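First comes the structure, then the notes that go with it.
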Amino acid sequence: MKPYCRDTWVEVDLDAIRANVQAFRRHIPASAGIMAVVKADGYGHGAFHVGREALDSGADSLAVAMLDEAIVLRKAGITAPILVLGYTPPDSVVAASRWEVELTAYHADWMTEANRLLQEASAKPVGIHIKVDTGMGRIGVRAKDELFAVVEALENSPMLRWAGIFTHFATADEPDVTLVCEQHERFQSCLRALRETGRRLPRVHCSNTAAAIAFPEWGYDTIRLGIGLYGLYPSAYMKQQARVQLVPALSLKTRIAHVKRMTEAPYTTSYGATYTAQPGEQIATLPIGYADGFSRLLSNRGSVLVEGCRAPVVGRVCMDQIMVRIDHGTARVGDEVVLYGKQGDDEISLDEVADWLGTINYEVACMLDHRIPRVYLRGGKVVDVYHSLTRQ
Ligand SMILES: Cc1ncc(COP(=O)(O)O)cc1O
């Protein structure tokens, strides 16, 4: 019996996750590790299942955005190193110690406060990666004197262990390499200044997917592989370049819940009656809506695949249901429909959906709500199902 009661699901192909890790393994220097970025519940794919597959396929650590995401992975049994890439309030540092999670820090007073709290709690030391802001303009130290103040505060904190130093690029996915090269030079200058004092540096890392593709030689001790892990390219430019062959892992599927021919008035569909069918049109209703992360902006704009043919969304996307017009063949209740992914000879990629929405594939994937069960495939067969709504 399937552990969920709706006819809409996300399919995640674990073979694709494996293939993508191995594609980057071949592309970057052997000296560089792979840190699989599984924040935002694995970019909507499921952090635990994707993280475990990535580690089984050649990644050696994981990264998340916040400590809570790391703790969930620890409770699920992940024992590999996990780095929190974002800010962690000092009062959470004891939890990081308890769950053996490494943190990002970039303030000297944060080091002092964290050290005090860990000492008070008689906790185990916490690994710290120092973030350098070379041009992303988000978090991190910018000037060298600030960097040295942070390093010295860390070195004077016996409850903190210097575990890494990293930066993040703002434009590595673009054809103009001016800023990304400037950022890399600033990062190298920081590393040189630290080394000139005789310090041995811990794990050095700077590359996201785009930089790992465009500048594999910047792999240092590890790359931070996010969007590429899921078989998606960071930009249209990188997809067109295709320097690394990637396999999209995610599909979004549902089954027809109702179908009718519009043989009599009213010929309109959905809230606001914004679509008027021609007499005889075949309209199918699908059990998915904006509460699932199928955006309301796809009203009268998106399409889905039915029997390998495109069926346009007609009328407004509802919270839980949408209507599509089927122009080919005769549809039946229960027929499988692909909203994202391949069916027959056609494919609706997350990139195409992102274009419809005026956003990026990252957001389309992350929007998929936990109300939709995740079905994991290997060799084309279901190997696991997880429905966080019902926690099973
Ligand atoms: C600091 C940091 N590092 C790495 C990533 C992964 O980026 P991609 O998904 O583009 O690979 C994100 C991030 O915020």
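Atoms within a ligand are numbered from 1 in the order they appear, just like the ligands themselves. All values below come from the heavy atoms of this structure, side chains included, with hydrogens, waters and symmetry mates left out. Keep in mind the model is a prediction, meaning the values are calculated, not measured.
At least one N/O-N/O distance between Arg138 and ligand 1 falls below 3.5 Å. Backbone and side-chain nitrogen or oxygen atoms of Thr209 are examined, and one is located within less than 3.5 angstrom of a nitrogen or oxygen of ligand 1. In terms of polar-atom proximity, Val37 is not counted as a contact of ligand 1, lacking any N or O under 3.5 Å from an N or O of the ligand. Looking at Gly228 next to ligand 1, no N or O pair under 3.5 Å apart turns up.
When atom types are taken as modelled, the side chain of Arg186 and the backbone of Gly135 share no donor-acceptor pair closer than 3.5 angstrom. The main-chain N or O of Thr330 is never found under 3.5 Å from a side-chain atom of Gln282 such that the two would form a donor-acceptor pair.
With respect to Glu196 and Lys144, no salt bridge is recorded, no charged nitrogen being found less than 4.0 Å from a carboxylate O.
Of all the heavy atoms of Ile227, the ones lying under 4.0 Å from any atom of ligand 1 are found in both the backbone and the side chain.
The side-chain heavy atoms of Lys253 and Gln343, taken from C-beta on, include no pair separated by under 4.5 Å. At a threshold of 4.5 Å between non-hydrogen side-chain atoms, the residues Thr79 and Glu100 do not count as touching. Using a 4.5 Å heavy-atom cutoff, the side chains of Ser61 and Arg203 are in contact.
Shortest contact from atom 5 (C) of ligand 1 to any protein heavy atom: His168 CE1, 3.8 Å. The nearest heavy-atom contact from the protein to atom 7 (O) of ligand 1 is Asn208 CB, 3.6 Å. Closest to atom 3 (N) of ligand 1 among all protein heavy atoms lies Arg224 NE, 2.8 Å.
For ligand 1 and Lys39, the ligand atoms under 4.0 Å from any heavy atom of the residue are 12 (C), 13 (C), 14 (O). The distance from ligand 1 to the heavy atoms of Tyr43 drops below 4.0 Å at these ligand atoms: 6 (C), 7 (O), 8 (P), 9 (O). Here is the list of ligand 1 atoms found below 4.0 Å of a heavy atom in Tyr362: 8 (P), 9 (O), 10 (O).
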Result block: side-chain N/O donor-acceptor pairs under 3.5 angstrom for residues 33-48, not counting sequence neighbours:
residue	atom	partner	partner atom	Å
Asp41	OD1	Ala47	N	2.8
Asp41	OD2	His370	NE2	3.3
His45	ND1	Gly42	O	3.1
His45	ND1	Tyr43	O	2.9

Using residues 313-323 as the side-chain source, report each donor-acceptor pair under 3.5 Å to any protein atom, sequence neighbours left out, with the distance given to one decimal.
residue	atom	partner	partner atom	Å
Asp320	OD1	Arg371	NH1	3.0
Asp320	OD1	Arg371	NH2	2.9

